[in-house]
Amino acid sequence: MSTPTQTTPADPNAPKLTRKDFASDQEVRWCPGCGDYSILAQVQKVMPDLGIPREKLVFISGIGCSSRFPYYMNTYGFHSIHGRAMTLATGLKTARPELSVWVVTGDGDGLSIGGNHFLHTLRRNVDLNVILFNNRIYGLTKGQYSPTSVLGQVTKSSPLGTIEHPINPVRVAIAAEATWVGRSVDVDTKHLPEMIRKMADHKGLSFLEVYQNCNIFNDGAFEHFVDKPVRSERMLYLEPGKPMRFGANNEKGIVANGLKLAVVSVGENGAREADLLVYDATDPAMAYLISQMDYPDFPVPVGVFLDFQRETYEDMLLAQVRQAQSKPGSGDLQKLLRGPQTWLVE
Amino acid sequence: MSTPTQTTPADPNAPKLTRKDFASDQEVRWCPGCGDYSILAQVQKVMPDLGIPREKLVFISGIGCSSRFPYYMNTYGFHSIHGRAMTLATGLKTARPELSVWVVTGDGDGLSIGGNHFLHTLRRNVDLNVILFNNRIYGLTKGQYSPTSVLGQVTKSSPLGTIEHPINPVRVAIAAEATWVGRSVDVDTKHLPEMIRKMADHKGLSFLEVYQNCNIFNDGAFEHFVDKPVRSERMLYLEPGKPMRFGANNEKGIVANGLKLAVVSVGENGAREADLLVYDATDPAMAYLISQMDYPDFPVPVGVFLDFQRETYEDMLLAQVRQAQSKPGSGDLQKLLRGPQTWLVE
Amino acid sequence: MNRRITEERDAVTIRFAGDSGDGMQLTGSRFTDTAALIGNDIATFPDFPAEIRAPAGSLPGVSGFQVQFSSRDIHTPGDRPDVLVAMNPAALKVNLRDLPEGADLFVNSDAFAKGNLKLAGYESNPVEDGSLSKYRVFSLPMTSLTLRAVEGLGLGQRSAERCKNFFALGVMFFLYERSVDATVQWIDQKFAKTPDLGEANKRALRAGYNYADTLEIFNRTYRVRKAVLPAGEYRSVSGNEALAMGFIAAARQAGRTLFYGSYPITPASDILHELARHRAFDVRTFQAEDEIAAIGAVIGAAFGGAIAVTGTSGPGIALKSEAMGLAVMTELPLVIVDVQRGGPSTGLPTKTEQADLLQVVHGRNGECPLPVLAACSPADCFHTAIEAVQIAVRYMTPVVLLSDGYLANGAEPWRVPNVADLPGIAVTFATDPHEYQPYARDPRTLARPWALPGTPGLEHRIGGLEKEDRTGNVSYDPENHDRMVRLRAEKVARVAQDIPPTEVVGAKSGDLLIVGWGGTYGAITSSVEELLVKGYAVGQVHLRHLNPFPSDLGDILGRYKRVLVPELNLGQLRLLLRARYLIEAEGLNKVAGQPFRVDEIYRKAASMLSAMQPV
Amino acid sequence: MNRRITEERDAVTIRFAGDSGDGMQLTGSRFTDTAALIGNDIATFPDFPAEIRAPAGSLPGVSGFQVQFSSRDIHTPGDRPDVLVAMNPAALKVNLRDLPEGADLFVNSDAFAKGNLKLAGYESNPVEDGSLSKYRVFSLPMTSLTLRAVEGLGLGQRSAERCKNFFALGVMFFLYERSVDATVQWIDQKFAKTPDLGEANKRALRAGYNYADTLEIFNRTYRVRKAVLPAGEYRSVSGNEALAMGFIAAARQAGRTLFYGSYPITPASDILHELARHRAFDVRTFQAEDEIAAIGAVIGAAFGGAIAVTGTSGPGIALKSEAMGLAVMTELPLVIVDVQRGGPSTGLPTKTEQADLLQVVHGRNGECPLPVLAACSPADCFHTAIEAVQIAVRYMTPVVLLSDGYLANGAEPWRVPNVADLPGIAVTFATDPHEYQPYARDPRTLARPWALPGTPGLEHRIGGLEKEDRTGNVSYDPENHDRMVRLRAEKVARVAQDIPPTEVVGAKSGDLLIVGWGGTYGAITSSVEELLVKGYAVGQVHLRHLNPFPSDLGDILGRYKRVLVPELNLGQLRLLLRARYLIEAEGLNKVAGQPFRVDEIYRKAASMLSAMQPV
Ligand SMILES: Cc1ncc(C[n+]2csc(CCOP(=O)(O)OP(=O)(O)O)c2C)c(N)n1
Ligand SMILES: Cc1ncc(C[n+]2csc(CCOP(=O)(O)OP(=O)(O)O)c2C)c(N)n1
Ligand code: SF4
Ligand code: SF4
Ligand SMILES: [Mg+2]
Ligand SMILES: [Mg+2]
């Protein structure tokens, strides 16, 4: 929909950009084998298709390995301070709604020190695209546990295992009233770009959690369901409006009995295609329910958890501005300075 | 259950305290008619029944009208800084698990500036009792909107109406993996004390949202469903394991078709008692679904949203301490100072 | 009533005091506006409790409003009231200590009943037990007279009693020969939606006026003629109003959008409230979830090319300090307003103080310099706001603007500036991809170019890690770090280039120089005026620029035998002056949450001076 | 090989440099421990990039470890290496500038292939193009020799190559006449779970040793005899280890639980890691969601009677500053550790600096004083931690302890203290309801009583609003506020009572006094030793107490013609000294993220001195 705050499309006659055009001249400084490389590659691959001129793109991050991301994108970028990327993005988008503003953050940056800004930026529905690299560890500070580390995980700061119950980023995003919530995996080079495209198309804040492998401090955190051979059996790709199916030959599915979920094999003991739960991405309660699915009892759900419309923060703000400016005689500075009452001294 | 971190019970022979014993010598400085008075009265009423010696009770708050609460309780108290009450409470409870630690906060203190600590303290399940006074306004600073103010609300800082979608404290608490979540109303002098008793009994963090009227800056925010005449028709008291009923004569109820809820009148067009949704306070997905009920489509749910067990932060920490101390030769300071390797200089 | 004498006064100070619920702030403002309208010079000092409404009749619940109005140029709301209006015993108890002998004391006798007396800690009724013999006491049954006046309007008891402040106002209007008309008009507007309340207030107002007129006990009225002020159109303005207008004007002069990000906090919140009302000027206010989010958003908006401002008070500055460091490192233009209040910690939220100076100068990790300005009067806040924006965009730096609770809420007459005369604010943005380097520098200001997202070919990345000179790429090179640290310091030091010569009031050299900053301007100026009249060789310098200092300050300090630095802190400017100029600056320090009284400064200075050269 | 000469050296400095992935930190530590074990004095300086592993072969990826070992008492890791081991071209490029003429240079020739040379920005191979003629170059094919040595163990190429750092270590061991035994043992422990990797490393180590032995090019080996240190049992300790142990010891001495709340941040994180390993000492570590939560929890724990400590670095201090104000207002005992790093903002996270001094002294809203201590060497961190806790509980105040990245990661030999000799820490708690007042004060220290929740009859409330003297009730009374502000200041000033007389090294009066603080101790001390040898009248004072200053400091400063203050900032202690004592203190300031070299201080001082009295 074309709204005043719609990001301006590129001049159609301009030569289409390639993924190379989005690589900056800075050498990438992640550890060899880090999942961040793959995410960077996917983002650079998708950018040319968005049809947004490069100068209109801004990547804003906090602090962390993941937050080095903007340095490697040949767009405008801001590597801010730990946990605060969302706040800079909100200010920039509110001041310059025509820009396409992206936030890159980590499980520590976005959910530990940045948790409060995460909560409030999502509920305001500022039209930002937020990608959270979840490696369930603090990488840059060399391996302490994060709010998404699994209970009992042994790390530098938890030599006897963590005693903290983790939070689920998707669940928190749902409760924060987000209008678009998704999840993908660093190495899924087919699904990840698809998600990035979808979030870019969404008007309003879109939040994408990406499971990312930190091969130095938390290697293999996701391999038990992400690895190619088991992936189709242990991951389920959510598709709005479609029945929930998975499995090597898509033969399995999810059924719901009230609020109780179960895995069935279509065709086996009476389970019919029609019985499968059809995913409704406009219902937060459904999203919340599905977010509870986890391996080994269930396949790990990825894809689009939520996707619906709500007016954005900056649109409502600009509407107030236009409304006020439409009043005759509005915006008269001299009148403002004179105030409600003046008197003359001869 | 008696665990090492159970708060010590009072000496049975000690004379039972009365509500007066819990009133401090400081004169209460809230506006006449403020809902805070009623909450204070209920807390002071319940305290004697808890059987916890007064010196073992600590009330910790942030900043706000609501956060003046500790000054009026004749127990130990800490009126900290804005948004940080949860953090002080965590430190105190972890250092002194035998104390009964209460947090009193507001919608601004606890959910705006304090949102991040709220999220993490709940997920850690520190055994605290948290009461949030939700008046949907910043009282102490004279009437700006808060994260729970309704969209469009006109306040000092939103003369044209707010443009921020509010958050639902109960929903955020659920997503924060809280083990006990409840809601009540300042003027409900029957239900509120019941809730306070229940949260005190819960081992693990208990979070209670209390709708509170600020008669100066947001008067009547809840009257449309709280007022005596309409209350029974517009509020629903959740009771774990019981069918969801409400209405003047308890004649109405809630049924669920999949994830779709509906109000029915038992007996009318075929709706049977047995069809009513039985509330399960151990299922976060159910709690999340019910948290979406709101007036006018539905009655406003109050009562116990969640109530289940998970080991507390301080218990797990102390378990590690005991475990480490049980090792023979552990805790030898000289050994620690000598470290892995030493050499002698004659 | 021709029997009644009219007495000429050149300045009078009245303090209205009562319960938080008695509407004293409103009463005081109405009296102030009327005085202003007839051309008096005025200065006001509202003083209210941190609680919204402490319990009726209690000492903590007392709210006061002091106004000085005069026929000459004044700078303060007056040291001690000539007239105290006390609506209840608590108000009397709290304010009596400031009342000089022989002052006029008006009390609402209806309120001096047992309950209230006890609440205020009075054993017996002071109005009757003779303990007030030092004053001219006028005990009026304001409540009952008000109730009688509004009879028949069918108001409830409570709302009816609420009108008694207008009764008191009416009495004062009569005694000081002011007409009630302006207030009547004001009531008509204000209560348009509730006409019967308006009517009640008008009746109470007139009742008070007529009561004073007909009453025998008043054998005289007082006349305070209009002041001789520079010709022009005037309004009354508070510091927070002036700041808000200053930023709107600055954005207009710069031709940019104004972005104001803030989290409410006393006494800065009113800036947010005021700005939120002006969407018509494309003012984009953002009420953040906390102070950190507020400045974060402001940094983002500055990156985007807005005139970006955040406002708070001391505790909020503490929270913003990490992000202020980011703004220094990324060299983006923004203004951080600190409306100082009593500290440390939560301190005394509604009281005034000057104890954040060292925090804003030194309170960040690493070598992290930024310019610091301080406004010296409510009206001056307007010009300081504009200058802060000018410096920020010219030098590409965050700038701190210091105000305080006294300036924020106090009001004074302000000659309305002509928009055509406002200074222009030149903002230039980089556009040429060929010569663009994110950290290249302007030879004069050392400012780096401002390159806005959306500009083709200028795509670049900035952040909080140390930057390589010119390119702005991340650099851990030791020499580069040392160079950049000194470049950032030098850039801020160069702001002194644009500071006009320091104005010295009084003796240009001699025995004593009084150096002040911020909201103490009025009290210092008044005391210096008196000292000069007495013939002392005293000079006055009031600093608007606290970092960097004006380049001529060192010379000026050297021209006096002694230097006195009065501050509402334990000597923060004094510390900076001593460190910089190695001079034996002495302090007059008060940290009581209250402004200086003129006589406090006068006495201290006089004692230093007479020690040197008895006049 | 009797042909080979043995040369005596009294001190040697070796720098190991390579990729972040080359294990240089480990190689350096192994060499250090071995040197320590045979009784050398040692000092180390690890210097690594902010990235975990920058791309192999790149300049930003270079990681270095410098160690000085000697037969005499030394204080620094050495200005310039006598020996540089460069595992690849990037390491050579980055470190060559520090290498003095004639130094020994060992390069891994296998790594000097096209790709790596290009990554390091070399046109041609420096090892072959003669550009290294100023040095004694030993070009060894370390990789291939290592591969050959570990052949047959069935290791993958990558893991096999990984062993080359042990090869380099072996070579150094031979040349400096150290046995490989200690390292062999260490490998056996370390690789117990992966014996074949252990075996490979041992083979590489021995291969390097034997290669050096049999190789003709080395015509001499070097002997550095054991140092004459005070007798006792020694270990090597880093600053962060020493801090962790100091706090555990302090809690033990106080008989209380140690609560450590922190949010990870370089270079402070290791304190958390170390403490988390010691649950056996009832150490309760809390990894908070952010720095504010960390100090909040610590304040809560202090209220509960724990020995409460929080640790962070500069940006974290900025975030904690509001809560530090709460601790000052509530007068609770806690310690705030600031392990300083390069700033401003994110700055240079892994580099050292001293630029947080003014932040910790002044960086809070309102008048908000607290004691500030600084450790001066890795081992000194232990004693400073204990003293910080002593002051905190004795004066009931938050205390800041300053360390820095150089102290935190650097190591030195430490004579292990006897637990029986540790100072006792007396903590007393209020228990008597009759005489208890929350803000009553100890006549000597002005400390208020510490009353723990759980104590019957002492129920009381504290908070961030101004307190009434003695009762601690909320008070907005002006006089009370002024009194409390001065009481809090006086209490902190009185800490000086317990500061021992300042130790002056060298001339007790004369031409020049060098005043330092913190991690510059070693470099200043070494330079002063040289200056004294040269016969200059120079004195040295190294301040551990930065607020308040020792009471005898003013006198001492007065006894010298000039005062020099070397700091790794733009003159922060200098500013405080000038403001307090009005002396013309001069600065030697370097803000490069690197420690001082001895010769930098020596030259500056010598130039000042010879200007005065040519020796
Ligand atoms: C104010 C502040 N506190 C702490 C740090 C240290 N720090 C830098 S990154 C980081 C955590 C990063 O974790 P995450 O966001 O998950 O990023 P990752 O490195 O795992 O990609 C921390 C604690 C900091 N830079 N600033
Ligand atoms: C750091 C800081 N920021 C802002 C404030 C100002 N402040 C005090 S209370 C408050 C909001 C209180 O709202 P709420 O928590 O809902 O309490 P209520 O008064 O409504 O009970 C604010 C913004 C402060 N005291 N400290
Ligand atoms: S530490 Fe982990 S997250 Fe960071 S760059 Fe290396 S592999 Fe990636
Ligand atoms: S302002 Fe509102 S919340 Fe605060 S005390 Fe008054 S009525 Fe209660
Ligand atoms: Mg991470
Ligand atoms: Mg509220």
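Lettering of chains follows the sequences in order, A, B, ..., and the numbering in each one begins at 1.
- In this structure, no portion of Leu59(C) lies under 4.5 Å from any heavy atom of chain D.
- With Asn365(C) as the partner, the side-chain contact (heavy atoms from CB on, under 4.5 Å) test is satisfied by one option alone out of Val360(D), Asp356(D), Leu319(D), Leu358(D): Asp356(D).
- Residues forming a salt bridge (Lys or Arg N to Asp or Glu O under 4.0 Å) with Arg580(D) (at least two apart in sequence, or on another chain): none.
- Looking at every heavy atom in both residues, Ala579(C) comes nearest to Arg578(D) through O-NE, 2.7 Å.
- Considering only heavy-atom pairs separated by less than 4.5 Å from chain D, the leading option among Thr346(C), Leu576(C), Leu582(C) is Leu582(C).
- With chain D as the partner, the residue from Gly463(C), Gly347(C), Gly593(C) showing the most heavy-atom pairs under 4.5 Å is Gly347(C).
- For the residue pair Ala318(C) and Ser321(D), the shortest heavy atom distance occurs at O-OG, 3.2 Å.
- When each of Leu570(D), Asp477(D), Ile583(D), Leu326(D) is scored by its heavy-atom pairs under 4.5 Å with chain C, the top score falls to Leu570(D).
- Side-chain contact between Leu465(C) and Pro349(D) is present, with heavy atoms from C-beta onward closer than 4.5 Å.
- For the atom pair CD of Gln359(D) and NE2 of His362(C), the computed distance is 11.5 Å after rounding to the nearest 0.5 Å.
- There is no contact between Pro49(D) and chain C, counting heavy-atom distances below 4.5 Å.
- Note: Pro344(D) leads Pro344(D), Gly363(D), Ala585(D) in heavy-atom pairs under 4.5 Å with chain C.
- With a 4.5 angstrom heavy-atom cutoff, Pro60(C) does not touch chain D via any of its atoms.
- No part of Ala323(C) comes within reach of chain D, as not one of its non-hydrogen atoms sits under 4.5 angstrom from that chain.
- Per-residue heavy-atom pair counts under 4.5 Å with chain C were compared for Lys467(D), Lys351(D), Arg341(D), Gln572(D), and the maximum is reached by Gln572(D).
- Residue contact with chain D, scored on non-hydrogen atoms closer than 4.5 Å, involves the backbone and the side chain of Leu575(C) alike.
- For chain D, the option among Glu466(C), Met484(C), Arg483(C), Met324(C) with the highest count of heavy-atom pairs below 4.5 Å is Glu466(C).
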| task | With side-chain contact (heavy atoms from CB on, under 4.5 Å) as the test, would you mind laying out the steps for Glu322(C) and Lys320(D) before giving the verdict? | result | CA-CA 10 Å; Glu322(C) 187 207 4; Lys320(D) 292 177 197 284; over 6 Å; no

| message | Using the rule given for side chain to side chain donor-acceptor pair (under 3.5 Å), can you reason through His481(C) versus Glu353(D), listing the C-alpha separation, both sets of side-chain angles and the distance that settles it, and then say yes or no? | response | CA-CA 11 Å; His481(C) 178 44; Glu353(D) 202 156 289; 2.7 Å; yes

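- Interface residue Gln594(C): only side-chain heavy atoms are found under 4.5 Å from chain D.
- The choice from Pro478(C), Ala327(C), Gly314(C) that makes the most heavy-atom pairs within less than 4.5 Å of chain D is Pro478(C).
- Of the two parts of Gln354(C), neither the backbone nor the side chain holds a non-hydrogen atom closer than 4.5 Å to a non-hydrogen atom of chain D.
- Among Arg574(D), Lys590(D), Glu367(D), the residue making the largest number of heavy-atom pairs under 4.5 Å with chain C is Glu367(D).
- Counting heavy-atom pairs closer than 4.5 Å to chain C, the top residue among Ser313(D), Ser475(D), Gly325(D), Ala592(D) is Ala592(D).
- Note on Leu348(C), Val474(C), Leu577(C), Thr330(C): by heavy-atom pairs under 4.5 Å with chain D, the leading option is Leu348(C).
- Looking only at side-chain heavy atoms (C-beta outward), Asn589(C) and Arg486(D) come within less than 4.5 Å of each other.
- Counting heavy-atom pairs closer than 4.5 Å to chain C, the top-ranked of the candidates Ala489(D), Gly343(D), Ser345(D) is Ser345(D).
- At a 4.5 Å heavy-atom cutoff, the contact between Ile292(D) and chain C is made by side-chain atoms alone.
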